[in-house]
Amino acid sequence: MNAPQAKAPKTAISPTRAENYSEWYQQVVRASDMAELSGVRGCMIIKPNGYGIWELMQRDLDRRFKETGHENCYFPLFIPLSYFQKEADHVEGFAKEMAVVTHHRLSTKNGVLVPDGELEEPLIVRPTSETVIGVAMAKWIKSYRDLPLLVNQWANVVRWEMRPRLLLRTAEFLWQEGHTAHETYEDAMAETRRMHEIYRQFVEEVLALPVVPGEKPANERFPGAVNSFSIEAMMQDGRALQAGTSHYLGQNFSKSLDIQFQNREGNLEHVHTTSWGVSTRLLGALVMAHSDDNGLRVPPRLAPWQVVIVPVLRGDSDKESVLAYCESLKSELQAQTYAGDRLRVKLDKRDISGADKKWDWIKKGAPLVLEIGARDVEGGKVCVTRRDHLDQGKRFPLRSEFIAGIVDELTAIQQGLFDQALAFMTSRTVTDIKTRAAFDAYFGKNDENGFVGNQGFVRAKWSGDLSSLESIDELGVTIRCIPFDQDGKEGVCVLTGKPATQDVIFARAY
RNA sequence: CGGGGAGUAGCGCAGUCUGGUAGCGCAUCUGGUUUGGGACCAGAGGGUCGCAAGUUCGAAUCUUGUCUCCCCGACCA
């Protein structure tokens with residue numbers, strides 16, 4: 001049992017966010033049945049309730065990629081060590097987190113299975129695929145007429161993380177990686193920015209999560225990139241989470257992997273490449289950004305079940321009529337279209353108490369839960385609980401009114417989650433910190449629980465001097481991005497007091 | 001990889017100091033009573049106490065090793 005909470009209202013998740021944020025996070029992931037740890041260090045099992053959300057993310061993003069001319073393909077999981085070695089910064093950036101395959105068979109020695117058959121050349125389990133895809137591009141591209149080359153793959157990758165965190169940072173994760181090759185700097189940069197903007201729209205519209213789009217400072221760039229762009233979201237403890245990245249790789253990879261084309265003048269030139277990705281980390285972002293002390297809250301556009309119907313049965317006498325009412329309600333709702341899809345409606349016929357079922361779906365984050373009993377059938381009504389406003393309790397509209405308003409209601413829930421997250425981010429974004437003393441005071445120390453009471457984004461001027469960042473290392477604070485919207489005004493660097501015009505976002509990050 | 005904490009039933013925990021082969025709450029199952037709602041009563045099932053070796057007549061408890069998880073750092077999507 002938990003510590004006695006005499007007056008606190010009962011919450012489905014314990015501890016609450018305020019009591020212990022990181023423990024709360026674990027409990028929400030468990031209660032929502034999205035994912036769990038496996039027997040393999042740092043590797044997770046994504047369960048149907050989590051994977052269903054990921055599938056909806058995939059579907060929406062995939063459509064956006066196709067609409068902008070990209071095609072899917074698949075490259076090998078294993079990358080020869082020699083491929084990886086070709087781009088110096090790239091190797092250095094990933095060397096410390098590589099899974100390496102050195103053998104290709106097992107044999108039995110003293111009754112124990114041991115690796116046997118050492119490989120001539122070790123294989124890397126891909127941490128990202130710039131190199132393998134680049135090698136293929138070098139074969140595919142001959143002429144400027146072959147450009148741009150726009151491909152994407154949905155795949156798993158492995159990065160041997162020191163400190164895994166369920167859904168947010170695991171050794172293996174699922175993602176999408178786009179790789180493109182272009183004739184000119186301008187084309188490649190436009191592509192980098194286009195995909196970055198697609199991520200911004202996707203995360204804001206579909207995940208209902210407001211973000212700060214911007215460029216990464218030099219020290220936070222992807223290994224091998226010339227420019228890295230990110231969208232930064234704020235979690236409910238005020239920490240930042242990079243929700244998507246897009247990189248202009250310049251000619252770094254084309255030179256090291258020899259990706260050349262004959263230009264319009266007939267001369268050989270190296271292509272300009274880009275890469276961009278989002279991962280299952282977005283599931284973790286969803287949890288940390290939208291959940292409350294009663295569990296997950298899934299934006300309708302990502303909800304595997306947007307409406308869950310829970311029959312409340314008091315005895316066999318009304319069972320048939322209630323179930324029939326639920327079935328027809330389900331059919332009518334399914335005939336509705338929201339965000340381009342038929343409504344996803346679940347009729348939960350499990351033989352457990354109605355109250356248990358309702359709370360199960362609240363913890364799983366279903367946007368709307370309908371409890372239907374004999375009296376609703378009689379009155380032609382429905383009993384509605386809205387996940388984004390549990391505090392408002394239940395309401396009992398006429399069935400016909402509810403169905404007529406369902407699309408508007410889902411739209412309102414989607415928008416409401418965004419608005420709440422935006423209000424939170426705005427309230428935790430500080431713009432009036434001008435001195436180092438104020439900066440240090442703001443980021444101060446965590447309390448004993450690890451819960452950080454006074455934390456968020458600090459938007460302030462920065463001189464651009466990378467060495468000045470060493471002084472904020474001990475605070476665990478980094479520059480998350482240099483936002484696109486700049487006021488361009490002269491000011492002083494919050495870290496050094498030197499003249500500075502550039503605004504940046506400082507925060508602790510996941 | 002460094003520092004700290006922890007692995008006992010599905011979940012949350014007690015028991016470990018002072019060895020005598022497991023207990024509580026919730027969940028699960030059965031029966032009953034209830035019910036516009038996260039119900040109540042009674043009964044039941046479920047654990048080789050993370051794993052391995054050692055000490056001992058005897059180990060959840062002591063020793064050593066090892067794996068995993070959590071928190072703080074260094075690294076990252």
Side-chain angles (χ1 to χ4, degrees), chain A residues 1-3 9-15 20-23 25-27 30-31 33 36-44 92-97 127-128 157-177 199 216 220-223 228 230-233 240-247 275-285 294-295 310-315 322 352-363 369 371-379 381 383 385 390 393-394 396 445-446 448-451 473-476 478 508-510:
Chain A
M1 282 299 285
N2 306 299
K10 186 173 182 181
T11 57
I13 303 296
S14 138
N20 185 337
Y21 189 82
S22 58
E23 181 60 23
Y25 173 78
Q26 312 284 338
Q27 293 302 331
R30 187 199 314 285
D33 209 28
E36 65 186 44
L37 291 162
S38 68
V40 186
R41 182 192 149 78
C43 294
M44 62 182 164
E92 202 187 325
F94 283 105
K96 280 173 275 179
E97 47 189 63
T128 180
V157 286
V158 169
R159 297 180 187 178
W160 214 257
E161 292 294 341
M162 291 292 95
R163 196 175 153 194
R165 200 182 169 86
L166 191 53
L167 287 175
L168 285 177
R169 189 172 46 236
T170 45
E172 180 192 21
F173 56 94
L174 307 185
W175 77 346
Q176 145 283 309
E177 49 180 325
Y199 288 152
K216 285 291 192 187
E220 299 276 339
R221 272 183 208 135
F222 175 77
S228 284
S230 73
I231 50 176
E232 300 288 329
L241 184 128
Q242 179 173 305
T245 47
S246 182
H247 314 287
S275 68
W276 27 275
V278 299
S279 73
T280 40
R281 155 177 262 206
L282 289 178
L283 292 171
N294 288 305
V310 174
V312 178
L313 304 171
R314 273 185 294 175
V322 170
I352 55 177
S353 94
D356 285 348
K357 273 191 270 196
K358 172 188 168 177
W359 282 94
D360 185 50
W361 288 108
I362 284 174
K363 285 185 280 191
V369 178
E371 294 165 273
I372 303 297
R375 206 180 295 173
D376 304 302
V377 175
E378 217 170 286
K381 296 189 170 186
C383 167
T385 301
L390 284 187
K394 298 175 284 200
F396 299 85
K445 289 277 179 199
N446 300 358
E448 288 160 6
N449 289 332
F451 176 71
D473 263 5
E474 60 174 14
L475 290 170
T478 51
R508 293 199 175 96
Y510 281 102

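Values reported hereafter were calculated over all heavy atoms of this structure, with side chains retained and with hydrogens, waters and symmetry mates removed. Lettering follows sequence order; numbering is per chain, from 1.
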Integer angstrom distance from the [atom1] of [N] to that of [M]:
N	M	atom1	result
B:rU61	B:rU18	C1'	10 Å
B:rG50	B:rU8	C1'	10 Å
B:rG31	B:rU48	P	28 Å
B:rC51	B:rG73	C1'	29 Å
B:rG20	B:rC49	P	15 Å
B:rG46	B:rC29	C1'	10 Å
B:rG4	B:rA39	P	45 Å

Give the nucleotide from the list [options] with an atom nearest to the side chain of [X].
X	options	result
A:R165	B:rC1, B:rC71, B:rG37	B:rC71
A:R30	B:rG38, B:rC1, B:rG12	B:rG12
A:S279	B:rC70, B:rA77, B:rC76	B:rA77
A:N294	B:rG37, B:rG38, B:rG12	B:rG38
A:S22	B:rA77, B:rC71, B:rG37	B:rC71
A:K96	B:rA77, B:rC71, B:rC75	B:rC75
A:L37	B:rG38, B:rA77, B:rC69	B:rC69

(request) Mind checking ring-ring contact (aromatic ring centres under 6.0 Å, His included) for A:Y510 and listing every partner two or more places apart, or none if nothing turns up? (result) none
(request) Would you please name every residue forming a ring-ring contact (aromatic ring centres under 6.0 Å, His included) with A:Y25, sequence neighbours left out? (result) none
(request) State whether the side chain of A:Q176 and the backbone N or O of A:W276 hold a donor-acceptor pair below 3.5 Å, judged by distance alone. (result) yes
N/O to N/O distances under 3.5 Å, protein versus nucleotides 28-32 of chain B:
none

(message) Taking only side-chain N and O atoms of A:R169, does any of them lie within less than 4.0 angstrom of OP1 or OP2 on B:rC75?
(response) no
(message) Counting distance alone, no hydrogens or angles: does the base of B:rG37 have a donor or acceptor under 3.5 Å from a partner atom on the side chain of A:K394?
(response) yes
